[in-house]
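Following: one structure in structure tokens, then a few remarks.
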Amino acid sequence: MAASMCDVFSFCVGVAGRARVAVEVRFVSSAKGKGLFATQPIQKGETIFIERPLVAAQFLWNALYRYRGEHISPTPEGCWAQQPLRMEETCDHCLRALEKAEENAQRLTGKPGQVLPHPELCTVRKDLHQNCPHCQVTYCSTECLLAAAEQYHRVLCPGPSQDDPLHPLNKLQEAWRSVHYPPETASIMLMARMVATVKQAKDKDRWIRLFSQFCNKTANEEEEIVHKLLGDKFKGQLELLRRLFTEALYEEALSQWFTPDGFRSLFALVGTNGQGIGTSSLSQWVHACDALELKPQDREQLDAFIDQLYKDIETGNHSCVPNAETSFPENNFLLHVTALEDIKPGEEICISYLDCCQRERSRHSRHKILRENYLFVCSCPKCLAEADEPNMTSEEEDDEEDEEGEPEDAELGDEMTDV
């Protein structure tokens with residue numbers, strides 16, 4: 001059963017060579033919810049679709065320390081996930097990096113005098129940056145300033161009260177920072193921008209319908225997500241957050257979101273459907289360097305230089321053998337989903353919530369990670385094929401190998417893999 005394409009893919013932008021989006025949303029099962037399925041052949045390496053988020057926001061601690069952002073993806077097939085990244089200050093709307101590549105390298109290396117070759121390859125245009133005239137929040141362009149104002153910023157702009165600790169939004173943000181320490185996995189400001197979007201919208205019902213398409217969790221699952229986000233120490237602070245959220249943003253059309261049960265559900269929605277965005281001007285500069293045509297000796301020197309600087313940037317339903325992956329190659333909030341292999345019409349498109357090392361661990365270890373972080377048990381082809389294997393974690397497997405006298409270099413390899 002396919003979901004309505006009208007709303008779901010209205011946030012997708014065009015892909016060269018495609019007349020229409022090559023996927024559809026179908027209900028998979030009560031356990032998995034919805035999933036993405038191919039409607040036409042997709043070749044390996046082909047961009048499946050590109051989408052804009054419904055809402056995006058910098059993490060609050062990260063905004064203070066100029067790191068990264070998070071967004072809610074409009075496709076409601078499930079949760080996209082990405083590992084935390086250390087990044088620079090970003091546009092408050094599209095999360096495009098505002099820091100030049102050389103500045104980024106200087107900050108990350110702790111070397112104020114660090115100089116990058118080929119500075120012309122950096123795409124950051126500081127001359128285009130704009131600030132909100134009322135609260136001074138920074139945007140990468142006039143287009144983003146206007147887009148933010150049109151969608152949500154008129155409601156959320158604190159104006160001259162930007163630094164007033166008694167402003168309702170500042171009280172909410174400070175309360176969030178006090179109960180959700182770095183590394184952050186969600187942001188109360190995503191929820192705030194969802195409410196503000198509805199408050200500013202002419203067609204409120206459309207936005208409410210879009211937000212309501214996300215997967216629903218049971219009350220017990222929602223409690224688990226709250227526990228994961230806030231931990232044992234602060235899980236009791238959800239009511240304080242709800243009260244401050246209500247004082248700052250109450251909207252009659254969304255009254256159910258402000259009740260204790262509704263707020264917990266909204267909290268869980270953000271906790272499971274938020275997608276971390278990694279935007280880095282340094283990463284973009286490195287990719288541009290990779291495309292340069294250089295003499296072998298010059299290439300060797302440049303690659304050696306980059307090896308000292310570059311930090312690897314570590315998103316449909318999960319599979320331990322994914323046929324697609326996600327990335328942010330345009331250095332902003334546009335998520336690209338790319339096929340890792342040929343995909344046939346009717347075949348589900350799956351990404352992996354696990355990194356490469358985690359996918360090589362035992363089935364029991366993979367299930368433990370997914371169960372603890374995403375609250376489901378994987379039934380992908382790899383997990384089904386390994387169903388008869390002993391229920392032991394990779395650590396237990398390592399211990400058994402150690403007892404059998406595994407060589408020291410192999411032990412080191414296992415330890416590095418576990419890290």
Side-chain angles (χ1 to χ4, degrees), residues 13-18 42-50 66-69 82-91 94-129 140-141 143-144 276-315 322-342 351-352 355-357 359 413 416-417 419:
V13 298
V15 176
R18 281 207 183 279
I42 303 172
Q43 303 300 314
K44 179 180 179 179
E46 186 176 352
T47 298
I48 300 171
F49 64 87
I50 304 170
R66 299 185 177 184
Y67 295 155
R68 70 161 196 169
Q82 185 176 21
Q83 297 299 313
L85 305 172
R86 192 176 73 164
M87 294 298 170
E88 65 249 48
E89 182 182 15
T90 64
C91 171
C94 80
L95 308 183
R96 184 184 298 276
L98 299 177
E99 192 176 42
K100 282 187 170 292
E102 190 165 273
E103 295 171 328
N104 193 198
Q106 292 169 349
R107 179 171 59 80
L108 291 176
T109 61
K111 300 176 181 178
Q114 179 70 64
V115 176
L116 297 185
H118 305 289
E120 72 281 359
L121 297 180
C122 177
T123 60
V124 174
R125 293 281 306 277
K126 290 201 167 189
D127 57 308
L128 299 180
H129 294 179
C140 68
S141 64
E143 289 77 12
C144 276
I277 298 176
T279 59
S280 167
S281 55
L282 180 59
S283 175
Q284 292 294 304
W285 174 84
V286 169
H287 285 305
C289 285
D290 289 341
L292 288 175
E293 294 185 4
L294 301 173
K295 296 177 181 179
Q297 184 177 355
D298 293 338
R299 167 56 62 191
E300 185 176 343
Q301 291 178 346
L302 181 58
D303 288 347
F305 177 83
I306 290 172
D307 284 344
Q308 299 301 311
L309 292 173
Y310 192 52
K311 301 289 185 180
D312 247 346
I313 296 179
E314 295 233 11
T315 114
N323 58 6
E325 65 179 0
T326 64
S327 62
F328 297 89
E330 298 184 44
N331 196 31
N332 60 8
F333 62 12
L334 290 178
L335 177 145
H336 288 229
V337 181
T338 305
L340 292 174
E341 59 188 50
D342 292 350
I351 57 167
S352 180
D355 61 33
C356 294
C357 292
R359 292 201 295 272
M416 294 179 69
T417 298
V419 172

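We count residues from 1, following the sequence as given.
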To the closest 0.5 Å, what do you measure between CD1 (Ile42) and CG (Asp342)? 9.5 Å
I need the Lys44 NZ to Glu341 CD distance, nearest 0.5 Å. 8.5 Å
Given the rule in the side chain to side chain contact (heavy atoms under 4.5 Å, CB included) test, do Leu282 and Leu116 qualify, once you have shown the distances and angles that lead to the verdict? CA-CA 10 Å; Leu282 180 59; Leu116 297 185; 4.0 Å; yes
Lys295 atom NZ: more than 12 heavy-atom contacts under 6.0 Å: no
What are the two closest non-hydrogen atoms of Asn104 and Ser281, and how far apart are they? CB-OG, 3.9 Å
Looking at CH2 of Trp285 and NZ of Lys100, how far apart are the two atoms once the value is rounded to the nearest 0.5 Å? 13.5 Å
Report the distance from atom CG of Asp290 to atom CG of Asp303, rounding to the nearest 0.5 Å. 6.5 Å
The salt bridge (Lys or Arg N to Asp or Glu O under 4.0 Å) partners of Arg359 (sequence neighbours excluded) come to none
Is the CD atom of Glu300 crowded by more than 12 outside heavy atoms at less than 6.0 Å? no
Indicate the atoms forming the closest heavy-atom contact of Glu103 with Glu99, along with that distance. CB-CG, 3.5 Å
Are the side chain of Arg96 and the backbone of Val124 linked by a donor-acceptor contact shorter than 3.5 Å? no
Least distance between heavy atoms, Cys91 atom then Cys140 atom: SG-N, 3.3 Å
Would one find more than 12 heavy atoms of other residues, nucleotides or ligands at under 6.0 Å from atom CD of Gln297? no
So how far is it from Leu98 CG to Leu128 CG, rounded to the nearest 0.5 Å? 11.0 Å
Separation between NE2 (His118) and SG (Cys289), nearest 0.5 Å, reads 6.0 Å
Heavy atoms only: give me the nearest Glu102-Val115 pair and the separation to one decimal. OE1-CA, 3.4 Å
